[in-house]
Amino acid sequence: MSETTPASGAAEAATEPFRYSAALAAEIESRWQDIWEKEGTFNAPNPAGDLADPAAGDVTAKPHSFIMDMFPYPSGAGLHVGHPLGYIATDVFARYQRMTGHNVLHTLGYDAFGLPAEQYAVQTGTHPRVSTDANIANMRQQLRRLGLGHDPRRSISTIDPEYYRWTQWIFLQIFNSWYDAAAGKARPIAELIAQFESGERATPDGRAWAELSGAERDELLGEYRLAYAKEVPVNWCPGLGTVLANEEVTADGRSERGNFPVFKSNLRQWMMRITAYSDRLIADLDLLDWPEAIKLQQRNWIGRSEGARVDFAVGDAEKITVFTTRPDTLFGATYMVLAPEHGLVDSIVPAAWPEGVPAEWTGGAATPAEAVAGYRAAAAAKSDVERQVEAKVKTGVFTGAYAVNPVSGASVPVFIADYVLMGYGTGAIMAVPAHDHRDFAFARAFALPMRCVVEPTDGRGEDPAAWDDAFDTYDSVIVNSSRGEGSSDGSAVDGLTLDGLSVVDAKARVTAWLAERGIGEGTVNYRLRDWLFSRQRYWGEPFPIVYDEDGVMHALPESMLPVEVPEVDDYSPHTYDPYDSASSPKTPLSRNEDWVNVELDLGDGVRKYRRETNTMPNWAGSCWYELRYIDPSNGSRVVDPANERYWLGPTENKPAGGADLYVGGAEHAVLHLLYARFWHKVLHDLGHVSSVEPFHKLFNQGMITADVYRDERGFPVPAAEVEERDGKYFWEGEPVKREAGKMGKSLKNAIAPDAIADEYGADTLRLYEMSMGPLDVSRPWDTRAVVGSYRFLQRLWRNIVSEATGELVVTDEQPDEATLRALHKAIDGIRGDMAGLRFNTAVAKAIELNNHLVKRGSTPRAVAEQLVLMVAPLAPHIAEELWRRLGHGDSLAHADYPVADPAYVVDEAVTCVVQIKGKVKARLEVAPTISDAELEALALADPAVVAAIGDAPVRKVIARAPKLVNIVTG
RNA sequence: GCCCCGAUAGCCCAAUUGGCAGUAGGCAAUGGUCUCAAACACCAUACAGUGUGGGUUCGAAUCCCACUCGGGGCACCA
């Protein structure tokens, strides 16, 4: 039987034994991957250290190009075709850069600590180290098949103790620093201690430094250190069993990973003083070549707002300080609100309600103290989720106290309400209901007075009682805002007039007035909070911190690094019922008593210590990996300064320094990218790196989406098994609905790169992914369309190699003029596209040239060689193979990229269109160098044009040489 | 609610700074060549007037305004 029905593949092989088939592609690809690996083709020499290459000469004379992909987690699920999109793009660019004379550093490491790795390990019941190592090996294998030109010597992993010793070392640098606001930079903490010791800087209570106990010094220095442990309100997530950073909590109060509820809880945790860098993190964005959308997100996240602090007196002794961005509306402040947990509440609450208090202000309580306690209890019991849901309804309660508006002198009631947050500004506001939507809603709910102080420009009138909502435009003038003997320049004693001033001018006037009297000042506030840096996990970097028997904190010396992740019996996290807000975190590392309790000599003899049992968040390892790529095996320094300067140092084109290209998804806009910039700046301040920023050019690649098919219940069904009939879709006979979605396991529509490589080869996959569309937009995967890229490679192969004999079929003839023009136009265009990361159009131009050769019927060797070199970054395996068959002994990885001859880039003649009133009436073949005047004369003389104009007078002629003439007739 | 980004053939996408919308490219479609037949491959053909409505201009996919739809970010931040 088998003799009569040969497999189709065998039949094909018999007729076309040297056709570029999947089998041939597989053979070529694995052979070249082995050669690249063996010869170290993509190893990038360093200027100094053990990766310097004396044979490479002076590398600093060569332009550098440091190209990075965002650090991947080694997922246990394996890759789908969406994952390598960015890796292929950076590889294409890196190969192009290599062929244009750059020393290219491109590698890929693994971010292997953290929740995903740990959860996978817990699920599969294997130790995280074992499963993570296996996942890394699997991912390396999958990526190797794609032919990525990485320097394997630099492929670091965050879980390697030789890597995380430097993560811990950087932590110690940050811990041992403080931010000197006067100098505008971080300085070693020792210099601050010296100031306290000498008395140059006073301690808070005036005692001498020597008189403070160890714990007191700890506490004082904790107010300055850039990394500090403190009891603060944090995001506690019982479902994950850990605390989370603000950036890891979604707007509706759930964990970004796992979608568990998050509760506010007061816990002692490690924090990073990223807020000290708020201004620099905003200002230096201007130096970066990043997408505007990402810069905007960072600016919004940091949330700088300029305004003023204003004191309101309460009774004789107390005062409430508020932050406002609208001091110009101070005359309109008719009540105040404190956050429920504000520290001043207890001291201003009177014993009894003042006379005439409306019933709805008291919450039904007999005394102010009772009302406050009741409201606080109710607010504390609410989860963030509930607060969000109820946000539209304003709640609060009167404290019984009145404050004095410092400009109008009015007595204003003081409330507590949960719409004022303790964590922002001063935790207290002046409420201007006429000009703030939130205050307006609250005032309506509690029947509070309103005063219009900004003239409405929409005709609503100046009586807020008639309004539906606040009027909050900046673009108007101030009214009803005068006190005392207000003169127009505001100089009269105690007099103040804002009337008639613009908002901007009024802000300046009132701020100056307040400052003169010492009851206010201009100030800046930020939305950004300090970064919560500790987690209650097993699979993370331990802190290099111990506590002595008095509870005093000690940083371990460098010589004791790394502090290795200890073995424990149970590495799973302590998780709780997701809604158990009363639970509290427990650290897995505390289970190993032998590890926790140690005897160390930290300079004053061997003593007993307890280790810190929190671990660092998974962001820690990715905050500085660009530095280690540069000098991966340096045992004595985090990175050799000579190497850092060469690869990252500031240059004319990148004023802040940083990697030349960083490609990754937009989802890291405020997490990783903000943290990494912060660490880099600290290291810069302390003199460890010359660059100010880690990543100069950022590029966000789009997502590869895929069709998702859902059954009637809305559950995804396996996309591969769906059938299409008459534009409708069926799975197992049942109708299903199609929609666009992310590619992934959970939506049952993942396609593995290996499957595509099996069917067509890796070069086809690379080419297809690059030609799907612009790199920065998301687009749907279409398996049926992959064959188009495959056909192109087959045609390219056939233009150079005989499918029947495997012999070269290129000719030694001189290329004709038309072919030369096609070639040089392609070179010119593709070079521009490569440099601009427009790989989709680069592919199109290569196909166009190849199609020209197909039509021509034969391929001159000179054209074949240039075409192969041009295609090499996109489809490197087939290009290397053709290059070798064309008679070249060396890899083309470092060959020179073709350069266009300008003489052939322009056409000999171009078609000029002649329009009459915008309608095309004639075409002229003209030289590209023709002048406007010549062209105009030529056009007006053209018989078709003359006929079209007829008797109509020519009013105007617009000539745009060499492509267009437009004649306007009257 | 506020702020960003986008919309071009059946589909994915081009269009050098306002200048012929596709001899940019690909998929799918239709017809043909090859084949006993099919697959592969090859050759050829057709297909939109740029989301909607205004405006600026000699001329708009491109610039401006409004709206619709889709994607993303923020969300009681004073």
Side-chain angles (χ1 to χ4, degrees), chain A residues 8-9 11-12 15-16 19 21 251-252 291-297 300-301 303 305 307 322-326 329 337 387-388 390-392 394 417-421 423-432 436-439 441-442 525-529 666-667 669-670 700 702-703 705 727 740 767-768 771-774 776-792 794-795 798 803 822 828-829 832 838 840-848 850-852 854-855 911-920 923 955-958 960 963-969:
Chain A
S8 63
E12 186 188 306
T15 51
E16 310 285 8
R19 169 171 289 186
S21 62
D252 55 350
E292 272 311 312
I294 301 289
K295 288 188 180 184
L296 194 67
Q297 272 189 59
N300 288 344
W301 188 262
S305 48
V322 303
F323 171 73
T324 177
T325 55
R326 296 293 303 271
T329 63
V337 184
R387 267 196 199 202
Q388 292 295 334
E390 294 166 13
K392 285 171 199 87
K394 292 283 178 289
D418 65 1
Y419 84 93
V420 172
L421 310 174
Y424 184 79
T426 60
I429 62 156
M430 63 176 212
V432 185
D436 180 284
H437 299 293
R438 297 150 301 182
D439 297 344
F442 190 87
N525 244 296
Y526 301 91
R527 205 191 82 110
L528 183 70
R529 311 292 160 81
E667 67 273 17
V670 290
N700 292 124
M703 214 172 22
T705 60
L767 208 56
Y768 174 67
S771 59
M772 289 168 80
D776 57 348
V777 299
S778 294
R779 53 252 138 112
W781 177 264
D782 182 5
T783 297
R784 286 184 312 179
V786 177
V787 70
S789 301
Y790 182 56
R791 286 181 191 145
F792 162 58
Q794 286 188 325
R795 282 198 294 269
R798 197 157 46 226
E803 291 188 337
D828 184 57
R838 296 184 299 269
N840 56 325
T841 50
V843 173
K845 284 166 184 143
I847 293 175
E848 196 180 359
N850 194 52
N851 287 351
H852 173 90
V854 170
K855 279 212 176 80
T911 307
C912 170
V913 270
V914 184
Q915 301 175 335
I916 293 175
K917 291 208 276 189
K919 297 264 166 20
V920 178
R923 285 164 216 273
R955 208 179 256 176
K956 194 173 172 188
V957 179
I958 297 125
R960 289 281 182 276
K963 301 199 66 167
L964 176 124
V965 177
N966 190 12
I967 300 163
V968 187
T969 55

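Proteins get letters first, then strands, A, B, ... in listed order; numbering begins at 1 in each.
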Reading nucleotides 23-32 of chain B from 5' to 3' and marking B where a protein heavy atom lies under 4.0 Å of the base, S where only the sugar-phosphate is that close, and - otherwise, the string is -BSSSS----
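Remark: A/Thr841 pairs with A/Asp833 by the side chain to side chain donor-acceptor pair (under 3.5 Å) rule, at least two apart or across chains. Not a single salt bridge (charged side-chain N to carboxylate O under 4.0 Å, His left out) links A/Asp828 to another residue, sequence neighbours left out. Qualifying side chain to side chain contact (heavy atoms under 4.5 Å, CB included) partners for A/Ala669, counting only residues two or more places apart in sequence or in other chains: A/Ile294, A/Gln297. In this structure, the ring pair (Phe, Tyr, Trp, His ring centres under 6.0 Å) partners of A/Trp781, at least two apart in sequence or on a different chain, are A/Tyr768. Partners of A/Asp782 by salt bridge (charged side-chain N to carboxylate O under 4.0 Å, His left out), not counting sequence neighbours, listed by chain and number: A/Arg784. Taking the salt bridge (charged side-chain N to carboxylate O under 4.0 Å, His left out) definition, one finds that A/Arg798 meets it with A/Glu803, sequence neighbours left out. For the side chain to side chain contact (heavy atoms under 4.5 Å, CB included) test, no residue two or more places apart in sequence or in another chain qualifies with A/Arg955.
Atom C1' of B/A21 sits at a distance of 8 Å from the matching atom of B/U50, rounded to the whole Å. Separating the P atom of B/G51 from that of B/G10 is a span of 13 Å, rounded to the nearest Å. Comparing the P positions of B/C40 and B/G70 gives a spacing of 38 Å, expressed to the nearest Å. The gap from the P atom of B/U8 to that of B/G31 amounts to 29 Å, rounded to the nearest Å. Taking atom C1' in both B/A9 and B/G19, the straight-line distance is 23 Å, to the nearest Å. Across the C1' atoms, B/A61 and B/A15 are found 9 Å apart, a figure rounded to whole Å.
Ring planes of A/Phe323 and A/Tyr424: perpendicular class, angle over 60° (limits at 30 and 60°).
Here A/Val854 lies in heavy-atom contact (under 4.0 Å) with sugar-phosphate atoms only.
In this structure B/G6 sits in a base pair with B/C69, meeting the Watson-Crick or G-U test at under 3.5 Å. Pair assignment for B/U45: B/A29, on the basis of Watson-Crick or G-U wobble contacts that are both within less than 3.5 Å. A 3.5 Å limit on both hydrogen-bonding distances identifies no Watson-Crick or G-U partner for B/C76.
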Review item, nucleotides 56-62 of chain B N/O atoms under 3.5 Å of protein N/O:
unit_1	atom_1	unit_2	atom_2	d
B/C58	O2	A/Asn966	ND2	2.2

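Note on A/Arg527: a side-chain N or O is less than 4.0 Å away from OP1 or OP2 of B/A75.
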